[in-house]
There are 2 protein chains.
Amino acid sequence: MERGRGALGPALELVHTGRAPTRAVLTTELGVTRATAGAVAAELEALGLIQVDPRPVAAGSQGRPSHRLSIAPRGPVVLAAQIHADGYRAALVGLGGRMVATAPGCMDVPADPAHIIDAVVEAGAALLRESGRRCLGAGLAVPSAVAEPEGTALNPLHLSWPVGAPVRELFDEALAKSGVLGPDASPVPGVTGNDVNLAALAEHRHGAGRGARHLLCVATGHRGVGGALVLDGRLHSGSSGLALEVGHLTVNPAGLPCHCGSRGCLDVETDPLAFLTAAGRAPGPAVSLLQQARDLLRSEYDDPSVRAAAELIVDRLGLGLAGLVNILNPDRILLGGLHRELLEADPERLRAVVADRSLWGRSGGVPILPCTLDFNSLIGAAEAAWQPVLDDPLALLG
Amino acid sequence: MERGRGALGPALELVHTGRAPTRAVLTTELGVTRATAGAVAAELEALGLIQVDPRPVAAGSQGRPSHRLSIAPRGPVVLAAQIHADGYRAALVGLGGRMVATAPGCMDVPADPAHIIDAVVEAGAALLRESGRRCLGAGLAVPSAVAEPEGTALNPLHLSWPVGAPVRELFDEALAKSGVLGPDASPVPGVTGNDVNLAALAEHRHGAGRGARHLLCVATGHRGVGGALVLDGRLHSGSSGLALEVGHLTVNPAGLPCHCGSRGCLDVETDPLAFLTAAGRAPGPAVSLLQQARDLLRSEYDDPSVRAAAELIVDRLGLGLAGLVNILNPDRILLGGLHRELLEADPERLRAVVADRSLWGRSGGVPILPCTLDFNSLIGAAEAAWQPVLDDPLALLG
DNA sequence: TGACTTTGTGCCGACGCTAAACAAAATACG
DNA sequence: CGTATTTTGTTTAGCGTCGGCACAAAGTCA
């Protein structure tokens, strides 16, 4: 009796990522009998996580039509929070990566990490009270490497935070303070991570990275370049959370000095500022560097100097990606931020450079694709927050 | 009834790696009850894989003394084979990484991959007939990247083999031909891999890498530099077997041209030839480059020019390792071949360079250690061959 | 020698699954 | 239009694997 406990987590993950639209495919995907799959679905429905729609799914093939499995429309959510250079965002995210509620982005940012984390958690908590939903976890994305197991921010460059700010601790405290409580009045467990890492997780679950075994993501936002690696569905953040700090690969030996002590690093040679400089444009203070670079690329790509600058940056980026391909041998690469724009402006050039400069580029070539969720760190933070539920639904809900 | 089937594989792995000397610690390591651990041990003993020594282990603490668990002395073996620049080696390896029998290394190497693979397998098969042991698998290490899933050698640089030689196919054919047969007269499954990768696996199971979560290995033998990564006990060879081709990291922007098209690659800047050249010695034809470099380092380290050459190579190697640390964030690094000798000659210098040039070197610093099995690819090949048995002992023996 | 501590084993029950038979709901075909 | 076929869902029985528990065994400690 009580069939289907061990398969509960994998089953929920299949529904969550949209790979199990019906109980029939759930059966085959899990490799269990129909009886077990049915029991699993019933259990997940009883937990309020999924919904079995009795209306048969549009048939078209022979046999009895299967009922549709979907995420429960008013099921539990997680609190997702993101802090970036210009402010913060908060949202509630349900299973399936669906945004349930979003707080208006706030732009006046207190410099103190404790205050801004309190503020973003409070914004999320307000959404939560408003919605009346149950909250099963919380995730925070910050633009910095987060050391494991300490949970401290090691390079919050865009935030004027102190190096080593204890972000995980602050997040947990803020969650406890603002009454984001679990069923037994205990604060929900907080997950804190680097924004690019978390965004890569989101792309892997719900975006262009779906189905990749070894997914490499590289993105540039304002300054610097971030990387992330998802191996067999799990974020690889190294033994102390510092993996994929790809910004200091050398891509231009005679290039600009970098704060790391070397020169010509990917960080300073392919970010929006490097592009603007290469195009001979002085960056203005009005909008973000990414926005200025994006505008320039979109509106003046005909201008030879802009085009030449784009090609120069693409060549450098390709060199860096080739180095990463030689080391990591991913089966898919996603680009975000300005790198994505550059890829879309001239996909063939980047692919050719990577194939030419990586050792085994000829033998197939890695697909290089633009991200589809715009490197949404909010959904990524939610994804990380959902992970404990996906791993063992009964532990938090039984 | 028949307790302890699911835990059979993990239990065997614990005994295999020497982490379960008694049933008592097996109980705690597996996280099961004493009853289950006892049943697991009995099952493994019935399969002829391990031995329960009734003589109590030397006590010293209170309570009933535990019986000793050990590898069955005349249990099954795997066939391990290695092909290198100067010839080939074959051996039988039991559980626990113990060499059971070794064929004398052969030095007259036919250029044709099919012939040499036939020869090394036949040497192993002869050992097997001699020993009368049961053979449960076979592994082959080759000095080349092996593409997945094709099983072809992509850069057999030291062997004058054709690029793309189908080594896995040839190995499987040779196994079938030479009568290395399983219980049901089917040929044992062959595993083929890169020698540095397999050696890293051996170091992780039985050498200096034991217990590391993210183990990075770097070694240089004759020409070029090889790398390998073991993540959570599993070899990471990328999506197509080509990961950790670390030889083409740039460590000297103004350095020597490399066949990859760039210049100053780790491959050409830190191998034995680079060291000999930097020391102003012309390489002789008598012994291998590695041997010449090793001799020079050991006997003339007082000579200022030799010392300066060593420091130069160490600095370049440190730069490459720092780059890898930034990307992979391992919790241990092992060095082999000449790199190991250089580390042992001046451990502090290399560690200082890596700490200085990696982003988070200050925050702890990665332990950099010499390998202890001398990067034994034979044991590594055996380790890979044992893996299916460790994963599910009953599948092959039940 | 007797108390205590730790290890090994036999028995039972709970849990989680498969297998198999049956029921239900569509399409395919005469 | 009705029956056969195909596929899906559900019920029941049964079995394998593990935890819990009681008891036995084998040492140390006082």
Side-chain angles (χ1 to χ4, degrees), chain A residues 1-12 14-15 20-47 50-70 391-395 397-398, chain B residues 1-12 14-15 19-47 50-70 391-395 398:
Chain A
M1 94 154 173
E2 286 301 5
R3 227 183 309 234
R5 291 299 185 78
L8 220 54
L12 182 57
L14 285 170
V15 180
T22 68
R23 270 178 290 201
V25 312
L26 188 63
T27 302
T28 62
E29 289 289 315
L30 288 177
V32 298
T33 59
R34 286 202 301 275
T36 304
V40 167
E43 178 89 23
L44 289 175
E45 193 174 25
L47 290 172
I50 73 167
Q51 200 183 19
V52 181
D53 192 334
R55 289 172 313 177
V57 58
S61 64
Q62 265 190 5
R64 173 177 174 176
S66 200
H67 297 177
R68 175 164 294 283
L69 298 181
S70 56
D391 285 341
D392 185 1
L394 287 176
L397 287 160
Chain B
M1 100 159 173
E2 286 302 4
R3 226 184 308 235
R5 291 299 184 78
L8 219 53
L12 182 56
L14 285 170
V15 180
R19 284 177 295 164
T22 68
R23 272 180 289 204
V25 312
L26 188 63
T27 301
T28 62
E29 289 291 315
L30 288 177
V32 297
T33 59
R34 286 202 301 276
T36 303
V40 167
E43 178 88 22
L44 289 176
E45 192 174 27
L47 290 173
I50 73 167
Q51 200 183 19
V52 182
D53 192 335
R55 289 174 312 178
V57 58
S61 66
Q62 267 189 5
R64 174 176 173 176
S66 201
H67 297 175
R68 174 163 295 282
L69 298 182
S70 56
D391 286 341
D392 185 2
L394 286 176

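These figures come from a predicted structure and were not determined experimentally. A note on names: the letters A, B, ... follow the listed sequences, proteins ahead of strands, and every chain is numbered from 1.
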Under the salt bridge (Lys or Arg N to Asp or Glu O under 4.0 Å) test, residues paired with B:Asp391 that sit two or more places apart |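 Once residues adjacent in sequence are excluded, the partners of B:Asp391 under the salt bridge (Lys or Arg N to Asp or Glu O under 4.0 Å) criterion are B:Arg234.
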Could you give the [atom1]-to-[atom2] distance, from [X] to [N], as a whole number of Å?
X: A:Leu69; N: D:dT8; atom1: CG; atom2: P; answer: 12 Å
X: B:Glu43; N: D:dG16; atom1: CD; atom2: P; answer: 13 Å
X: A:Asp53; N: D:dG9; atom1: CG; atom2: P; answer: 12 Å
X: B:Arg68; N: D:dA26; atom1: CZ; atom2: P; answer: 19 Å
X: A:Leu26; N: D:dT10; atom1: CG; atom2: P; answer: 13 Å
X: A:Leu30; N: C:dG16; atom1: CG; atom2: C1'; answer: 14 Å
X: A:Arg23; N: D:dT8; atom1: CZ; atom2: P; answer: 11 Å

Can you give me the N/O atom pairs linking the protein to nucleotides 5-7 of chain D at distances under 3.5 Å, or say none if there are none?
unit_1, atom_1, unit_2, atom_2, d
D:dT6, O4', A:Gln62, OE1, 3.0
D:dT6, O3', A:Gln62, OE1, 3.4
D:dT7, O2, A:Arg64, N, 2.9

B:Thr36 side-chain N/O to D:dG19 phosphate OP1/OP2 under 4.0 Å =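 Yes, within the criterion.
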Rounded at 0.5 Å granularity, tell me how far [atom1] in [X] sits from [atom2] in [Y].
X: B:Leu26; Y: B:Ile50; atom1: CG; atom2: CD1; value: 7.5 Å
X: A:Leu69; Y: A:Leu12; atom1: CG; atom2: CG; value: 11.0 Å
X: B:Thr22; Y: B:Glu29; atom1: OG1; atom2: CD; value: 10.0 Å

When the C1' atoms of the five terminal pairs at each end define the local axes, what inter-axis angle does the helix from C:dT1-D:dA30 to C:dG30-D:dC1 show, to 10 degrees?
-> 10°
At under 4.0 Å between heavy atoms, what does [X] touch on the DNA or RNA strands: base, sugar-phosphate, or nothing?
X: B:Gly6; value: sugar-phosphate
X: A:Ala7; value: sugar-phosphate
X: A:Ala35; value: base
X: A:Arg5; value: sugar-phosphate

For a quick test of reading the model, state the closest non-hydrogen atom pair linking [X] to [Y] and the distance between them.
X: A:Arg23; Y: A:Gly38; result: CD-CA, 4.1 Å
X: B:Leu14; Y: B:Leu30; result: CD1-CD2, 3.9 Å
X: A:Val25; Y: A:Ala20; result: CG2-CA, 3.5 Å
X: B:His67; Y: B:Val52; result: CB-CG1, 3.9 Å

D:dG19 base to B:Arg3 side chain: any donor-acceptor pair below 3.5 Å?
->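 Present.
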Passing option when A:Leu8 is tested against A:Leu394, A:Leu397, A:Asp392 for side chain to side chain contact (heavy atoms under 4.5 Å, CB included) =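 Between A:Leu8 and the candidates, side chain to side chain contact (heavy atoms under 4.5 Å, CB included) is satisfied uniquely by A:Leu394.
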Using heavy atoms to find the nearest nucleotide of DNA chain D for B:Val40 and A:Thr22 separately, return the residue whose nucleotide is more 5′.
->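 Looking at the nearest nucleotide for each, A:Thr22 comes out on the 5' side.
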